[in-house]
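Chain letters run A, B, ... following the sequence lines, proteins first, then strands; residues in each count from 1. Since the model is a prediction, treat every value here as computed from it, not as a measurement.
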There are 4 protein chains.
Amino acid sequence: MTNLVTDFKAQMALARRNQILQGAAQVFAEKGFHKATTKQIAKTAGVSEGTIYNYFKNKRELLFALLDMVGTQPLQSIVHEAPPNDPRAFLTTLMHNRYQLLKTHGPLLAPIMAEIFTDSTLRSEVYDMLIVPMAKLVEQYFQTQVDDKRFRSINVMIITRTLVGALSFNMIFKLSNIDPRYAQISEDEMIEEIVTLFLDGILAT
Amino acid sequence: MTNLVTDFKAQMALARRNQILQGAAQVFAEKGFHKATTKQIAKTAGVSEGTIYNYFKNKRELLFALLDMVGTQPLQSIVHEAPPNDPRAFLTTLMHNRYQLLKTHGPLLAPIMAEIFTDSTLRSEVYDMLIVPMAKLVEQYFQTQVDDKRFRSINVMIITRTLVGALSFNMIFKLSNIDPRYAQISEDEMIEEIVTLFLDGILAT
Amino acid sequence: MTNLVTDFKAQMALARRNQILQGAAQVFAEKGFHKATTKQIAKTAGVSEGTIYNYFKNKRELLFALLDMVGTQPLQSIVHEAPPNDPRAFLTTLMHNRYQLLKTHGPLLAPIMAEIFTDSTLRSEVYDMLIVPMAKLVEQYFQTQVDDKRFRSINVMIITRTLVGALSFNMIFKLSNIDPRYAQISEDEMIEEIVTLFLDGILAT
Amino acid sequence: MTNLVTDFKAQMALARRNQILQGAAQVFAEKGFHKATTKQIAKTAGVSEGTIYNYFKNKRELLFALLDMVGTQPLQSIVHEAPPNDPRAFLTTLMHNRYQLLKTHGPLLAPIMAEIFTDSTLRSEVYDMLIVPMAKLVEQYFQTQVDDKRFRSINVMIITRTLVGALSFNMIFKLSNIDPRYAQISEDEMIEEIVTLFLDGILAT
DNA sequence: TATGAATGAGATTTCATTCAT
DNA sequence: TATGAATGAAATCTCATTCAT
């Protein structure tokens, strides 16, 4: 068997794997992890139930595989994209980047988030894959700014979590339809408001 | 049948209802909603499976009932407890209050949170019951401060969600064991750091 | 709840358990363990599939439970029934007893025997439950006879297994329809032939 | 196409067939018939799953084919090898021969035996292939000895089954590890004990 | 002929809910 | 009202077999 054939087969396998993942993503997004049945996933993906198990050990592995898809999102570049001496630009860029990530993968992340509260393995995985990279990046950035006296003395760990939580919460409100008032605010406005808060606080000057 | 007897019966029924809810709370906290079985709940509560269905329509209603228990937490008092002209005191008091709430009900809230991502009814209920009261309170407070020129002009809606998100995220980190560094920070320190951020921002002066 | 009620319930439970075991026995006998489905067993027993699992942890436990039924067969009495000084009577009685056991439980033992070759746990259980008691009894009897000089010096372990094997094999032939010639031989004749072989050997005198 | 080519092809096909059977034998021996998967057999044999079905109609045919391999064991020669007038030599030779057969094919015979209890076709086949040839041979030998007055008058059919059962049972004990005491007895001793029993019985003289 | 991906029927097991006592 | 045995739908996963390449 030549390499060409091998490559072709590998391509096909990858395509089929993705086909299944797409189906799983869709059904998970619609029904959540538990109410999504393998039968439904198979039907949506256009394969038989058995085929799913040729590519994934079990239903849970589908969730992990989907997480991997989301997790492999570039983040490091932000450090270089934004001018290092302009914290406003940095934070703004970072937040837009995360917003786009959630906008893209939001429906998929919901069932993953749901499982997080129950499944400690998944919890660790999400933490290591989605939280840690961002947190580390932001912490380091904050520390640098503190060292350079551009930021006052802060607990970078807490402030970082504060940032992540603040952003996440607002994103969820903006991307969901919970509060209709959010529809009237643009992504830019929302992010600017948060950035300004972090930089200047809310006290009148 | 006299009122006395009726009352006694009602009391018994209420007691039995609570008994069941205690059992459900415990098992939900341990196993999460889906892996909690009614058999297990019945055993933990010390009743039979059938009895559960005399007090609750189905397993899902147990979750809603538990949410009601958590939701009926006093919050309004904070406004009066803290001096209205001292935003730092207000925010600090508020945050401690919420922290205590999560500390008390955290294990029970986890399975509820997990279901939120799947169950839109539950989502609305949690939103109306836990988020809205706090959000409304904080929004009003913020608006007052803005009107009184103590706060600069802000989008109170966004800043409020930012506050809630920031606090929630930090609380989760502190109450879980995800990041060991959080163990070395006291509740007071954590809340102070967040409050200061909100009031002053992070820029060096 | 009075003891009467408890007893009644226990009786019912035992009856239901037996009802299921009867169904399992029948289906196992017809189809063998692997081809017997729980659905079929449930139908035959006249209960729902779920009910089976209220009484037995899994399908395999049905097999073990059936084995227990077969295993609890009296054997010790033989020692006392037969005159101790009459080896011919002892062996004859023993063999008839075992023959009756197999005649009664044969169809049920077949699927158990089949699993023995695959399932080492079952193998041990059958060995301990069916082989060991008989073997021990016979070995002791043989040893006594040797000590009393009624038997020549023999390896009681081997001779015992020889006896068990010899009897088992003949019983299987007699109870199955493999060899039609066996139909023309009575149980008495068969056992007498074997007993005489053991006592006298086959050499012409 | 010449005969040479045809022959070559036939040789290849036979080789491939054997290759598959070797794999099947190994996996059946390890896992038993039911737990052996065609995937595992294919891997062990070094072929693809599909190829198996080019040579065998289904998984069950593999078992039958393996049985054929075991069954084609020479036995007739024994009659000529052992001095006809020396029953002890004859029985001893016969038993050693069967013991070697089981020693060689034992692991493979186990899964076959397991299926016997369920599969009547297999049962007949094993009977015709393994039991009948030996039984017939032994029966004839016994009859001759009876006719020659070297053996007393016996039911050759029963005594033959007795012999086969006696030997089989002891062999299984010796080849398995069920009873550790069997490890301390040599093959020679075991067989001699059985032979002596058959010839002389166990009564003290 | 060889491959191995795809199939899909079918099996075991779980568990929320019902209902006769 | 309390019980808990019975239910049976439904879900996951396995694996012998097929078939396009």
Side-chain angles (χ1 to χ4, degrees), chain A residues 1 5 8-9 12-13 15-17 19-20 34-43 46-62, chain B residues 9 12-13 16 20 34-43 46-62, chain C residues 1 5 8-9 12-13 15-17 19-20 34-43 46-62, chain D residues 9 12-13 16 20 34-43 46-62:
Chain A
M1 193 185 289
V5 173
F8 176 73
K9 282 202 167 180
M12 288 297 293
R16 186 56 57 98
R17 204 187 119 97
Q19 182 187 357
I20 293 167
H34 280 103
K35 286 183 192 150
T37 66
T38 51
K39 177 174 259 181
Q40 175 77 290
I41 292 169
K43 195 179 170 188
V47 298
S48 73
E49 274 190 271
T51 300
I52 294 176
Y53 290 87
N54 287 337
Y55 291 86
F56 300 93
K57 221 180 73 198
N58 52 40
K59 190 184 165 188
R60 202 155 149 271
E61 291 294 318
L62 285 171
Chain B
K9 279 201 166 187
M12 287 300 292
R16 184 58 59 99
I20 293 167
H34 280 104
K35 286 184 191 152
T37 65
T38 50
K39 179 174 238 166
Q40 175 78 291
I41 291 169
K43 192 179 169 189
V47 300
S48 73
E49 276 189 272
T51 300
I52 294 176
Y53 288 84
N54 287 334
Y55 293 85
F56 301 93
K57 218 182 77 197
N58 53 37
K59 188 183 166 189
R60 195 157 151 270
E61 291 295 319
L62 285 171
Chain C
M1 192 185 289
V5 173
F8 177 72
K9 282 201 167 183
M12 287 300 291
R16 185 57 55 99
R17 202 187 120 97
Q19 181 185 359
I20 293 167
H34 280 104
K35 284 183 193 152
T37 67
T38 50
K39 175 174 262 181
Q40 176 76 291
I41 292 169
K43 194 179 169 186
V47 298
S48 72
E49 275 190 271
T51 300
I52 295 176
Y53 291 86
N54 287 337
Y55 292 85
F56 301 93
K57 219 181 72 198
N58 52 39
K59 190 182 165 190
R60 200 155 151 271
E61 290 295 318
L62 285 170
Chain D
K9 280 200 165 186
M12 287 298 293
R16 183 58 59 100
I20 293 168
H34 279 103
K35 285 184 191 153
T37 66
T38 50
K39 178 173 240 168
Q40 175 78 291
I41 292 170
K43 192 180 170 188
V47 299
S48 72
E49 275 189 275
T51 301
I52 294 175
Y53 289 84
N54 287 334
Y55 293 87
F56 301 92
K57 217 182 77 195
N58 52 38
K59 188 182 167 189
R60 198 157 150 269
E61 290 296 317
L62 285 170

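Of the candidate nucleotides dA2(E), dT12(E), dT17(E), dT17(E) has the atom nearest to the side chain of Tyr53(B). Looking at the side chain of Glu49(B), the nearest of the listed nucleotides dT13(E), dA2(F), dT17(E) is dT17(E).
If you take NZ on Lys43(D) and CD on Gln40(D), they are separated by 6.5 Å, rounding to the nearest 0.5 Å. Note: Arg16(C) CZ to Lys9(C) NZ = 13.0 Å, rounded to the nearest 0.5 Å. For the atom pair OG1 of Thr38(B) and CZ of Phe56(B), the computed distance is 13.5 Å after rounding to the nearest 0.5 Å. Considering CD of Glu49(B) and OG1 of Thr37(B), their distance stands at 7.0 Å, rounded to 0.5 Å. The distance from atom CD of Glu61(A) to atom OH of Tyr53(A), rounded to the nearest 0.5 Å, is 11.0 Å.
Between Gly50(D) and Lys35(D), the residue anchored closer to the 5' end of DNA chain F is Lys35(D), taking for each the nucleotide with the nearest heavy atom. Take the nearest nucleotide of DNA chain F for Met12(C) and for Lys57(D): the residue whose nucleotide is more 5' is Met12(C). Comparing Val47(A) and His34(B), the nucleotide of DNA chain E nearest to each residue sits closer to the 5' end for Val47(A).
Between dA16(E) and Thr38(B), a contact under 4.0 Å exists linking OP1 or OP2 to a side-chain N or O. Checking the phosphate oxygens (OP1, OP2) of dT7(F), a side-chain nitrogen or oxygen of Thr51(C) falls inside 4.0 Å. Contact check, Ser48(D) against dT3(E): a side-chain N or O comes under 4.0 Å of OP1 or OP2.
In this structure, CZ of Arg16(A) is placed 16 Å from P of dG4(E), rounded to the nearest angstrom. Rounded to an integer number of Å, the gap from NZ of Lys39(C) to C1' of dT7(F) is 14 Å. In this entry the distance linking CZ of Phe8(C) with P of dG4(F) reads 15 Å, nearest Å. Nucleotide dA5(E) holds its C1' atom 8 Å from the NZ atom of Lys9(A), rounded to whole Å. The distance from atom CZ of Arg60(B) to atom C1' of dT17(E) is 16 Å, rounded to the nearest whole Å. Between Lys43(C) atom NZ and dG8(F) atom P there is a gap of 14 Å when expressed in whole angstrom units. Between the CD atom of Gln40(B) and the C1' atom of dA16(E) there is a distance of 15 Å, rounded to whole Å. Distance CG (Asn54(A)) to P (dG4(E)): 13 Å, rounded to an integer number of Å.
In this structure, Ala36(C) reaches the sugar-phosphate backbone alone: every heavy-atom distance under 4.0 Å involves primed, P, OP1 or OP2 atoms, never a base. When heavy atoms are screened at a 4.0 angstrom cut-off, Phe56(A) is found touching no nucleic acid atom at all. Contact annotation for Thr37(A): backbone-only contact, meaning every heavy-atom pair under 4.0 Å involves sugar-phosphate atoms and none involves a base.
When both distances must be under 3.5 Å, the Watson-Crick or G-U wobble mate of dT21(F) is dA2(E).
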